[in-house]
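Worksheet for the structure shown next.
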Amino acid sequence: MVGGVYAEVVRSPPRYELFGSGGRGAAVLSALGCEVELLTAIDTKTRELFEPMATGFRFVLRATDVPITTQFVYEHPLGAPRTRPLLIPQLSPGALTVQADDVLLFGMLEGTPRVTGRRIVYDPQDPLSPKWLDDTDSRAAQVTYVLNLTEGRLLTGQEAPHAIVASVLAKPNVSACALKLGPRGALVGDRKGQVEHIPCYRTERVWPVGSGDIFAGAVAWGIFQDQTIFTSASAASRAVALYANSQAIPSQADLLTGDSFPFEEVQIKDLSTRPRIYLGGPFFTIQDHWLVEEARSILQGMGLQVFSPLHDVGEGNAEQVAPRDLQAIRDSSLVFALLESLDPGTLFEVGFARALDRPVIAYVGQVPEGHLKMVTGSGCKTERDLTTALYEAAWNALEI
């Protein structure tokens, strides 16, 4: 296992973890029964804090010293993280050199490891400039790529998921590819040309920080057990559901491979569908603007069309604004409502949508239950966690 160990700080809801992709990947591989050695780069203080975790998860820690361990700071779990320090300490070339039969390799902020293996599962972990494995001076007889959609598009120059997977599989020594598609699940393929959609699961809660690490770790576990990419990715999707719902490392292989499972699959008929969501919410203050911008950006990043009155109508008098907003509700599959402040205009939009029998997912924050009787009583789905609310909106819209 090669990858970074980082501190992860989430402001809301508050959570601190010392994991990073390398630490989390090592933990899940070990929890699923593999003998694991983690090669990473951390400072002396972080080593003292992390060694008990390595002992607890029963993997061997081999750490190269760096002056300071990087922190990732998130305002919320789906937000873009900031890194501290701004200047990441860099390792000297060749400082992390590995030769092993089976390797799960994550891209690292501190530099580029050089890995030689029989089978490498490779996740570049770089949404800005991901590299092909061959461009990192690493070599393997068989490579399995685990990518998110942004990485896949940047690497291949393709837009559509099927085209991305085909382009990755055309590279030399690539045996399989798993392309993560967020609320749509994943698209996976092998060297023989077989491609399958792997569904994700509708969980009660959604904690996304580290879910990609869990997915890659479980895929690697399957590949290293000589399973197909399809069996491996199916297990990985279930592992992610268990983790996202509980924030705990999945540790029982029978829960990943057995017939019974506590969550239902999200039923998506067409991966290319882009349903339209109406984003309702006030935009009177800086805080209002920020939340609308965040929600819109995240939903668009999930591949959904978003109608936002702030962006698509703007300021104006009642005669100009109201008809256009109401028509947009008629033209949308679902309404996602930001109701934390119980804004009258947004409440009216919710009522109008329910009169049209449009589904409504509402983020209500800390609003007392007594203030939500008409909202919940009219069939709206309410969530107090923003991340879960956004995923609920995406899943519901994709299933319509």
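- Met1 and Ser21 get closest at one heavy-atom pair: CE-O, 4.5 Å.
- Counting non-hydrogen atoms of neighbouring residues, nucleotides and ligands closer than 6.0 angstrom, the CD atom of Gln90 exceeds 12 such neighbours.
- Within the structure, ring pair (Phe, Tyr, Trp, His ring centres under 6.0 Å) contacts touching residues 374-400 (residues at least two apart or in different chains) are Tyr391-Trp395.
- In this structure, the side-chain hydrogen bond (donor to acceptor under 3.5 Å, both in side chains) partners of Glu392, at least two apart in sequence or on a different chain, are Arg202, Asn396.
- Contact check on Asp126 versus Lys131 returns no salt bridge, with no Lys/Arg side-chain nitrogen under 4.0 Å from an Asp/Glu carboxylate oxygen.
- In the hydrophobic cluster analysis, where Ile, Leu, Val, Met, Phe, Trp and Tyr join through side-chain heavy atoms closer than 4.5 angstrom, Tyr243 is grouped together with Phe19.
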Requested in this report: Apply ring-ring contact (aromatic ring centres under 6.0 Å, His included) to the pair Tyr122 and Trp132, showing each step before the final yes or no.
Outcome: CA-CA 9 Å; Tyr122 173 52; Trp132 295 105; 9.0 Å; no
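- Aromatic ring centres of Trp207 and His76 lie farther apart than the 6.0 Å criterion allows.
- Using a 4.0 Å cut-off between charged nitrogen and carboxylate oxygen, Arg47 and Asp65 count as a salt-bridge pair.
- For the side-chain contact (heavy atoms from CB on, under 4.5 Å) test, residues two or more places apart in sequence or in another chain that qualify with Thr144 are Val121, Ser175, Ala176, Val219, Ile223, Ile229.
- For residues 68-90, the set of pairs meeting the salt bridge (charged side-chain N to carboxylate O under 4.0 Å, His left out) definition, not counting sequence neighbours, comprises Glu75-Arg82.
- Contacts of Tyr201 classified as ring-ring contact (aromatic ring centres under 6.0 Å, His included), with partners at least two apart in sequence or in another chain: Phe261.
- Environment of CZ in Arg58: sparse, with no more than 12 heavy atoms of neighbouring residues, nucleotides or ligands closer than 6.0 Å.
- By the 4.0 Å N-to-carboxylate-O rule, Arg354 lies too far from Glu349 to be salt-bridged with it.
- Side-chain atoms of Thr46 and Thr69 form a donor-acceptor pair, as typed in the model, at a separation below 3.5 Å.
- Between Phe283 and His289, the ring-plane angle classifies as perpendicular under the 30° and 60° cut-offs.
- One finds a salt bridge joining Lys381 and Glu383 here, because a Lys/Arg side-chain nitrogen approaches an Asp/Glu carboxylate oxygen to under 4.0 Å.
- Residues in residues 78-104 take part in no ring pair (Phe, Tyr, Trp, His ring centres under 6.0 Å) pair, two or more places apart or across chains.
- The aromatic rings of Phe50 and Phe59 lie tilted to each other, with the angle between the two planes from 30° to 60°.
- Under the 4.5 Å side-chain heavy-atom criterion for grouping Ile, Leu, Val, Met, Phe, Trp and Tyr, Val350 is not connected to Val292 through any hydrophobic cluster.
- Criterion: ILVMFWY side-chain heavy atoms under 4.5 Å apart, direct or through other members. Under it, Val360 and Val306 are not part of a common hydrophobic cluster.
- The existence of a salt bridge linking Glu8 and Arg15 is excluded, since no basic side-chain nitrogen approaches an acidic carboxylate oxygen closer than 4.0 Å.
- Side chains of Ser234 and Ser237: a donor-acceptor N/O pair is absent below 3.5 angstrom, by distance only.
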